[in-house]
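Below is one structure; the comments refer to it alone.
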Amino acid sequence: MARNVNVSRTGAGEGLAGAPRCATLPGAAPAADGRERRRKRFPSQGAMTRLVVVVEKASDWSAYYPSVDVMSAMDYLREPVVADEERTQVINLCRNYKYLGTGYYVSLLAEARGHRVMPSVRTVNDLRRRSLYGLDIEDLNQKLTHFLPAGGRDTTDFGILVYFGQTAYPALQDLARQVFEMFPCPLLRIEFERERVWQVASIRPVGLHTLDDAQEDAFAAALDAFSRKLWRRPRARKRYRYELAMLVDPNEAMPPSNKKALKAFVAAGRELGIEVDTIGKHDYPRLAEYDGLFIRETTASDNHTYRFAHRAEREGMVVIDDPSSILRCTNKIFLNDLMVARKLAVPRTEILYRDDAKGLPEIAERLGFPLVLKIPDGSFSRGVVKVEDPAALEKAAGELFQHSALLLAQEFVYTEFDWRIGVLNREALYACKYYMSRGHWQIYNHGAKGTAKSGGFETVPVRDAPAEVVKLALRATQPIGDGLYGVDLKQVEGKPMVIEVNDNPSIDAGVEDAYLGEDLYRRVMQEFLRRMERKRLGLDR
């Protein structure tokens with residue numbers, strides 16, 4: 001059972017980590033009086049997570065009220081190991097994490113005991129690798145230039161403190177969050193330098209004992225907010241063997257699973273002893289609490305879904321979709337080369353290059369009209385255009401090249417419907433026919449009035465789907481992985497061809513489950529259970 005932590009808090013003020021060089025900067029939240037102390041108490045009723053705050057010396061916590069949740073590093077290291085104890089989150093606030101130092105051993109032994117610890121040993125090691133500081137953060141220079149006055153010796157370099165991903169400077173909040181997601185650590189100092197453009201010079205942990213009054217208050221507020229996220233709503237009395245995070249976006253217009261399907265996943269998990277907890281993109285800090293991650297929102301390699309998958313994999317969690325599958329499936333150019341290299345049937349395809357517009361006529365001549373242009377990372381028929389003649393090709397290519405330096409041009413292959421074969425762990429899971437939208441050449445007609453409209457569907461037992469279609473679908477997923485995929489295929493004159501492989505296939509109540517019903521959700525949860533059991537036993541999944 002979780003215990004209470006008392007943290008004093010006076011406000012959201014924060015002093016700069018480079019105050020002598022840049023003592024006053026615009027955009028910072030005003031600091032409150034650091035001498036004022038108010039008792040903060042965290043709710044614990046119904047909590048499932050035990051929180052342990054580890055400090056190197058008792059004096060490091062002297063600015064805050066005593067708490068039974070705070071212990072010294074030596075006490076934690078000497079604490080007897082208890083098998084099958086309650087879920088424990090350790091916040092390691094040692095003064096440094098030098099290799100084989102006290103702080104390093106706190107994180108190391110926490111992981112050995114099965115505790116979730118921040119920072120993890122991997123984060124500690126990553127922070128020592130300076131090559132990682134060259135972060136690929138878009139528009140960083142623009143943000144910093146807007147935030148800082150141009151020129152002047154006082155702004156040649158500066159730094160900020162980041163507390164659990166929070167900073168007192170709103171203009172840099174997105175940056176602080178991104179850094180925290182890459183290096184989950186309670187206290188970080190991000191230092192910037194300018195050599196023609198602003199860039200991150202270093203990222204390093206900071207000791208609690210180095211904070212001034214205003215910074216202590218900001219840390220207290222951040223620890224308060226972070227700790228509250230560790231605790232869940234009161235749950236049923238039944239204890240579950242495993243906990244699975246299901247990442248969803250309730251505001252997504254075309255999610256991979258509708259609300260009824262999400263509830264079915266939750267119910268199926270509970271039958272098997274897995275608590276399935278829906279989380280959102282703002283729950284990244286508490287991801288490591290879980291044993292597995294199930295992504296049920298549309299994935300992309302450049303958004304939070306990939307960061308969640310990558311973090312889950314790094315934490316040793318079972319994850320579907322895994323980051324490799326996301327990278328391989330969300331780019332149609334990669335997929336096309338992968339299929340061609342393995343001599344799998346696909347529509348005739350050419351690559352268009354923005355810097356070689358002269359090649360358009362030659363490609364059109366080889367493929368013929370009509371043909372289809374595709375953005376490599378489009379989904380749900382978005383970024384796909386059918387062109388009928390050279391003028392339409394030039395116009396469409398010009399528009400799509402604004403979004404991507406490369407495009408795919410494919411021969412137009414019309415069929416009344418596409419096959420979708422769901423594949424899980426290299427076995428066929430379900431089979432559906434997706435019919436083209438009425439009066440349209442695609443399944444989804446985004447140009448229809450009102451909401452995007454789609455054609456009908458027919459779900460059949462896998463055994464009733466053409467054997468050659470199922471076989472090709474399984475061959476198409478072999479080089480990608482053993483996760484959950486949806487393979488789209490067309491069948492022309494009895495011969496199937498792969499259109500694409502989706503890493504995050506639609507599983508909607510009333511559609512993909514029309515034949516299997518609840519068993520579809522149960523099979524997915526059984527695969528999670530199998531993999532989590534193997535993780536627990538130290539076996540490969």
Next on the checklist: Determine whether E252 and T298 satisfy the following criterion, side chain to side chain donor-acceptor pair (under 3.5 Å), listing intermediate values before the conclusion.
Outcome noted: CA-CA 8 Å; E252 187 173 2; T298 303; 2.3 Å; yes

Next on the checklist: E297 vs H304, test: side chain to side chain donor-acceptor pair (under 3.5 Å). Steps then yes/no.
Outcome noted: CA-CA 10 Å; E297 65 172 288; H304 65 278; 3.1 Å; yes

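- In terms of heavy-atom proximity, V511 sits nearest to C432 at O-SG, 4.4 Å.
- Closest approach of A309 to V319, counting heavy atoms only: CA-CG2, 4.1 Å.
- The closest side-chain heavy-atom distance from I351 to I333 is below 4.5 Å.
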Checklist entry - Q166 and Q173: side-chain contact (heavy atoms from CB on, under 4.5 Å), yes or no, with the steps? => result CA-CA 7 Å; Q166 300 296 315; Q173 180 53 53; 3.7 Å; yes

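- Residues S257 and I507 approach most closely at OG-O, 2.8 Å, considering heavy atoms.
- Ion pairing of K386 with E388 is present here, as a side-chain N (NZ or NE/NH1/NH2) and a carboxylate O approach within less than 4.0 Å.
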Could you list the donor-acceptor pairs under 3.5 angstrom formed between side-chain atoms of residues 394-403 and any protein atom two or more places apart in sequence or on another chain?
| unit_1 | atom_1 | unit_2 | atom_2 | d |
| --- | --- | --- | --- | --- |
| K395 | NZ | E399 | OE2 | 2.8 |

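- Atom NZ of K263 sits in a sparse spot, with 12 or fewer heavy atoms from other residues, nucleotides or ligands closer than 6.0 Å.
- At least one side-chain heavy atom of I421 sits less than 4.5 Å from a side-chain heavy atom of V469.
- By the 4.0 Å N-to-carboxylate-O rule, R420 lies close enough to D488 to be salt-bridged with it.
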Side chains of residues 491-499: which donor-acceptor pairs under 3.5 Å do they make with residues two or more places apart or in other chains?
| unit_1 | atom_1 | unit_2 | atom_2 | d |
| --- | --- | --- | --- | --- |
| Q491 | NE2 | E468 | OE2 | 3.1 |
| Q491 | NE2 | G494 | O | 3.4 |

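- Two residues are said to be in side-chain contact when any heavy atoms from C-beta on lie closer than 4.5 Å; N258 and L262 fail this criterion.
- Residue M525 comes nearest to I274 through the heavy atom pair O-CD1, 3.7 Å, listed as atom of the first residue, atom of the second, then distance.
- Residues I190 and V162 meet the side-chain proximity criterion, which asks for heavy atoms closer than 4.5 Å.
- Contact annotation: the side chain of E313 never approaches that of M317 to less than 4.5 Å [non-hydrogen atoms, C-beta and beyond].
- For E427, the CD atom is loosely surrounded, since the number of other residues' heavy atoms within 6.0 Å does not exceed 12.
- Two rings, from F457 and Y434, have their centers 6.0 Å or more apart.
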Checklist entry - Going through the checks in order, is the side chain to side chain donor-acceptor pair (under 3.5 Å) test met by S325 and Y485? => result CA-CA 9 Å; S325 292; Y485 309 105; 2.7 Å; yes

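- A side-chain donor-acceptor contact under 3.5 Å links D513 and Y521.
- Shown here for R328 and L335, the closest heavy-atom pair between the two residues is O-CG, 3.3 Å.
- Judged by distance alone, the side chain of R270 and the main-chain N or O of E275 form no donor-acceptor pair under 3.5 Å.
- When all heavy atoms of D503 and T330 are compared, the closest pair comes out as OD1-CG2, 3.7 Å.
- Side-chain contact between Y515 and L520 is absent, with no heavy atoms from C-beta onward closer than 4.5 Å.
- A salt bridge is defined here as a Lys NZ or Arg NE, NH1 or NH2 lying under 4.0 Å from an Asp or Glu carboxylate O, and R204 with E191 meets this definition.
- A salt bridge between E271 and R522 is present, with a side-chain N of the basic residue lying under 4.0 Å from a carboxylate O of the acidic one.
- If you look at F265 and F294, their ring centroids are closer than 6.0 Å.
- Residues I320 and F528 are in side-chain contact: their nearest non-hydrogen atoms beyond the backbone lie under 4.5 Å apart.
- In this structure, E181 pairs ionically with R307, as a charged nitrogen and a carboxylate oxygen lie closer than 4.0 Å.
- Using a distance-only test at 3.5 Å, with no hydrogens or angles considered, no donor-acceptor pair links the side chain of S506 to the main chain of D508.
- A heavy-atom distance below 4.5 Å is found between the side chains of T123 and R314.
- Annotation: ring pair (Phe, Tyr, Trp, His ring centres under 6.0 Å) contacts of Y284 (sequence neighbours excluded): F308.
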